[in-house]
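Below is one structure, written out as structure tokens; comments come after it.
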Amino acid sequence: FSSNASFTSNYNQLLESSIYNSGSAPSSSGTPTFLGVDAGYRMLTDTSNYGARSDSVKVLIILTDGQPTFWPITYSTGFNKDNVKSNSSYDYYKTSGYDGNGTKSESNHTSTINFVNQRANANPGVSKYSIGISTVNDSGIKSVLKALGPDGTFEASNQQDLMDALDKIRTSISKSIQEGSLIDPM
């Protein structure tokens, strides 16, 4: 696994992450869905930094807990518009490449959906699934979930729903995966 600071397989580093440690969480947090999509594609396609294998089956499963409250205004996520790695690194925390305030969503989620579709078109061999966590009563997230998961879109209100969704995804992809490992960067 790479020593890249964005991802880790170190258990202690995971537990110290601001995601788990609310005392160190950013004061203006929100849902930057496009960053998760970008990170997922990086892990699946970047052979230099993340050890991605070109001959492996690629599956991207995006879990989200709500509508995107940050969205891209430029495609400055370390890849150019053709999904080719640029020489400049992308700072996920200090950039002018996105908009939003962490609490309110963009009308119709156009920028996020366009970004998701652009990344999907640049990576046609990747199976894509989405799971909305506690989004059943959130009508605004439906279009984002559909864009994120053209191969399967699910919603989960509880642990059993999540397990059922993951089981359906597993069943769908198990025919194509012979050997594999699952790495959760968070």
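Predicted model only: the values in this text are computed from it and were never measured.
S105 places a side-chain N or O within donor-acceptor distance of the main-chain N or O of P68, the cut-off being under 3.5 Å. Under the 3.5 Å distance criterion, the side-chain polar atoms of D46 are matched with a main-chain donor or acceptor of S48. Not a single donor-acceptor pair under 3.5 Å links the side chain of S130 to the backbone N or O of I62.
Contact annotation: the side chain of V59 never approaches that of V126 to less than 4.5 Å [non-hydrogen atoms, C-beta and beyond]. Inter-residue side-chain proximity for I133 and L63 is flagged as met; some heavy-atom pair is nearer than 4.5 Å. Counting heavy atoms from C-beta outward, I169 and I61 have side chains that approach closer than 4.5 Å. Taking 4.5 Å as the limit, some side-chain heavy atom of L44 sits within range of a side-chain heavy atom of L60.
Here the closest heavy-atom approach between residue P72 and residue S111 is recorded as O-CB, 3.3 Å. Residues N108 and I113 share a closest heavy-atom pair of O-CD1, 3.8 Å. Taking every heavy atom of both residues into account, D65 and T135 meet most closely at C-CG2, 4.0 Å. In plain terms, the two heavy atoms of F115 and F34 that are nearest each other are CE2-O, 3.4 Å. Pairing each heavy atom of P150 with each of A147, the nearest pair is CD-O, 3.5 Å. Among all heavy-atom pairs drawn from A52 and T47, the shortest one is O-CG2, 2.9 Å.
The number of heavy atoms from other shown groups lying within 6.0 Å of CD (Q160) is above 12.
Evaluation of the salt bridge (charged side-chain N to carboxylate O under 4.0 Å, His left out) test over residues 144-164, restricted to residues two or more places apart or in two chains, returns K142-E155.
Between K168 atom NZ and I173 atom CD1 the span is 15.0 Å, to the nearest 0.5 Å. One finds the NE2 atom of H109 at 9.5 Å from the CG atom of L145 (value rounded to the nearest 0.5 Å). With rounding to the nearest 0.5 angstrom, the CZ atom of R119 is 9.0 Å from the OH atom of Y41. Interatomic distance, OG1 of T112 versus CZ of F70, reported as 11.5 Å (0.5 Å rounding). Considering CG of L148 and NZ of K128, their distance stands at 11.0 Å, rounded to 0.5 Å. Here CZ of F154 is found 10.0 Å from CG of D167. Values are rounded to the nearest 0.5 Å.
N121 pairs by the side chain to side chain donor-acceptor pair (under 3.5 Å) definition with nothing, not counting sequence neighbours. Every residue two or more places apart in sequence or in another chain that forms a side chain to side chain donor-acceptor pair (under 3.5 Å) with S56 is listed here: K58.
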**Request:** Go through the steps for V37 and V116 under the test side chain to side chain contact (heavy atoms under 4.5 Å, CB included), then give the verdict.
**Result:** CA-CA 7 Å; V37 170; V116 167; 4.0 Å; yes
